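Notes to accompany the following structure.
Since the model is a prediction, treat every value here as computed from it, not as a measurement. Numbers here are sequence positions counted from 1. Numbering of ligands and ligand atoms starts at 1, following listing order.
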Amino acid sequence: MTADLRDGGPVSGRDWDRAVELISSADEIALACHVSPDGDALGSTLAVGLALRAAGKRVTASFGERRFRVPRLLRFLPGQELLAEPADYPAAPEVMITFDVPTVGRLGTLTDTTCKARELIVVDHHPSNTGFGTVNLVDPGAAATAVLAEELIDRLGLPIDQAIATCLYVGLVTDTGSFKHSSTTPEVHAMAARLVATGLNTEEIARELWDRSPFGYLKVLGAVLDRVRLEPEVGGGLVWTYVTRADRAAYGLPYDEVEGIIDVVRRTDEADVTAVLKEDDDGAWQVSTRSKGGVDVSRVCAALGGGGHAKAAGFTSHLPLEETIASLRALL
Ligand code: AMP
Ligand code: MN
Ligand code: MN
């Protein structure tokens, strides 16, 4: 998967033109984002889906999970009606577009569909993107895939209404950590201004994203923080904790409810690197990592079979908890 790594520049005019041509001439378009979708993945997918549907295209959108479930905090996004279970996804789409997907494997059960699609347009901002499309709209300098999704909609000559703007804004605000990360350029603020000007209720969006956790979340958070460990000698300092299936089951929390825990743990000033190990419903450890800049966690996670960005990356481990954290520790 590393043989055809892209050289990492912005997207060429030729690639944009080719994508616009392919999409404009297709009747049916299949959209997909990565498994366990975040705000950027699903927001970008639904934004383009809504724009294409308004342009008269038949649109199907999905992500490749065996237990297909839209994360609770993304159910307020407009365009849910475009979503189909992977079983109902077109077997051989005329044009397939992927969002926020750096490697085909991150498409889960939709991975094989990429081989059957006649044209595959890849819209992404991961530096590790392998360029697996027939057209690759990949810009590692973009703060979010939503930035590229917005440009695609513009280049298609389609309008951005309030529903589409909501989806794009959610991608932008989640991937920039509410405009806190170093990726937050003047262009990012300009894009936000344009989106908000469509009439977005940013207070309501923020509440949906961050202030609607069930009460059980606080109890699980309490348990998870109680067992947090600081290892100042590892890398530039490592702070880590874990959340098991049993922790979640005790309060009936689905997996996606615990994804935000890392944002609390990473506040630790004594640590450059944060890791939260989350046991999923299949018993695998989904490991989220963050760095404040001393360590490139995408390299560390890539070495463990995952990937991501320099300051936010992850990997999946089928080893026991202690061995999983040991494998991470060894690379820091
Ligand atoms: P998360 O910690 O889930 O917010 O993910 C942070 C970054 O790491 C995102 O860019 C993800 O695409 C990437 N990432 C997370 N988990 C994995 C994984 N199991 N395999 C590859 N990349 C991952
Ligand atoms: Mn993502
Ligand atoms: Mn993203």
Original post:
Closest N/O/S atom of D175 to the Mn ion (ligand 3), by atom name?
Top reply: OD2
Original post:
Which atoms from ligand 1 have a heavy atom of S288 less than 4.0 Å away?
Top reply: 1 (P), 2 (O), 3 (O)
Original post:
Who's closest to atom 11 (C) of ligand 1 heavy-atom-wise, of R106, Q286, E259, H125?
Top reply: R106
**OP:** Closest by any non-hydrogen atom to atom 7 (C) of ligand 1: pick that one out of A302, A312, G260.
**Re:** A312
**OP:** Could you tell me whether E208 and R212 have a side-chain N and a carboxylate O separated by less than 4.0 Å?
**Re:** yes
Original post:
Is it true that some N/O/S atom of D38, main chain or side chain, lies under 2.8 Å from the Mn ion (ligand 3)?
Top reply: no
**OP:** Give the name of the N/O/S atom in D40 that lies closest to the Mn ion (ligand 3).
**Re:** OD2
Original post:
Does C33 put an N, O or S atom under 2.8 Å from the Mn ion (ligand 2)?
Top reply: no
Subject >> Any side-chain heavy-atom pair of F68 and D88 under 4.5 Å >> reply: no
Subject >> Protein contact of atom 13 (C) of ligand 1 - nearest heavy atom, named by residue and atom, plus distance >> reply: G307 O, 3.4 Å
Subject >> Shortest-distance N/O/S atom, D100 versus the Mn ion (ligand 3) >> reply: OD1
Original post:
Any N/O/S atom, backbone or side chain, of H125 lying under 2.8 Å from the Mn ion (ligand 3)?
Top reply: yes
Original post:
Under 6.0 Å from the six-membered ring centre of Y242 and within 45° of its axis: does the NZ or CZ of R227 meet both?
Top reply: yes
Original post:
For atom 15 (C) of ligand 1, which protein heavy atom lies nearest, and how many Å away is it?
Top reply: G314 CA, 3.5 Å
**OP:** May I ask you to check whether E119 and T134 show a side-chain donor-acceptor distance below 3.5 Å?
**Re:** yes
Original post:
Given H126, R290, H309, K311, which one has a non-hydrogen atom that is nearest to atom 6 (C) of ligand 1?
Top reply: R290
**OP:** Compare all side-chain heavy atoms of P254 with those of E257 and state whether any distance is below 4.5 angstrom.
**Re:** yes
Original post:
Which residue from S128, A313, P127, G306 reaches closest to atom 20 (N) of ligand 1 through any of its heavy atoms?
Top reply: G306
Original post:
So R53 and E81, salt bridge (Lys or Arg N to Asp or Glu O under 4.0 Å) or not? Walk me through it.
Top reply: CA-CA 11 Å; R53 188 184 61 180; E81 66 282 4; 3.0 Å; yes
Subject >> Among R66, R248, R69, the one residue meeting salt bridge (Lys or Arg N to Asp or Glu O under 4.0 Å) with D281 >> reply: R248
Subject >> Subset of ligand 1 atoms that lie under 4.0 Å from at least one heavy atom of G308 >> reply: 8 (O), 10 (O), 13 (C)
Subject >> Heavy atom of the protein closest to atom 19 (N) of ligand 1 (residue, atom name, distance) >> reply: T316 OG1, 2.9 Å
Original post:
If we only count heavy atoms from C-beta on, is the S291 to D296 side-chain gap below 4.5 Å?
Top reply: no
**OP:** Give a yes or no answer on whether the side chain of D280 reaches the backbone of D282 with a donor-acceptor pair at less than 3.5 Å.
**Re:** yes
Subject >> Passing candidate, side-chain contact (heavy atoms from CB on, under 4.5 Å) with L158, options I160, D154, L156 >> reply: L156
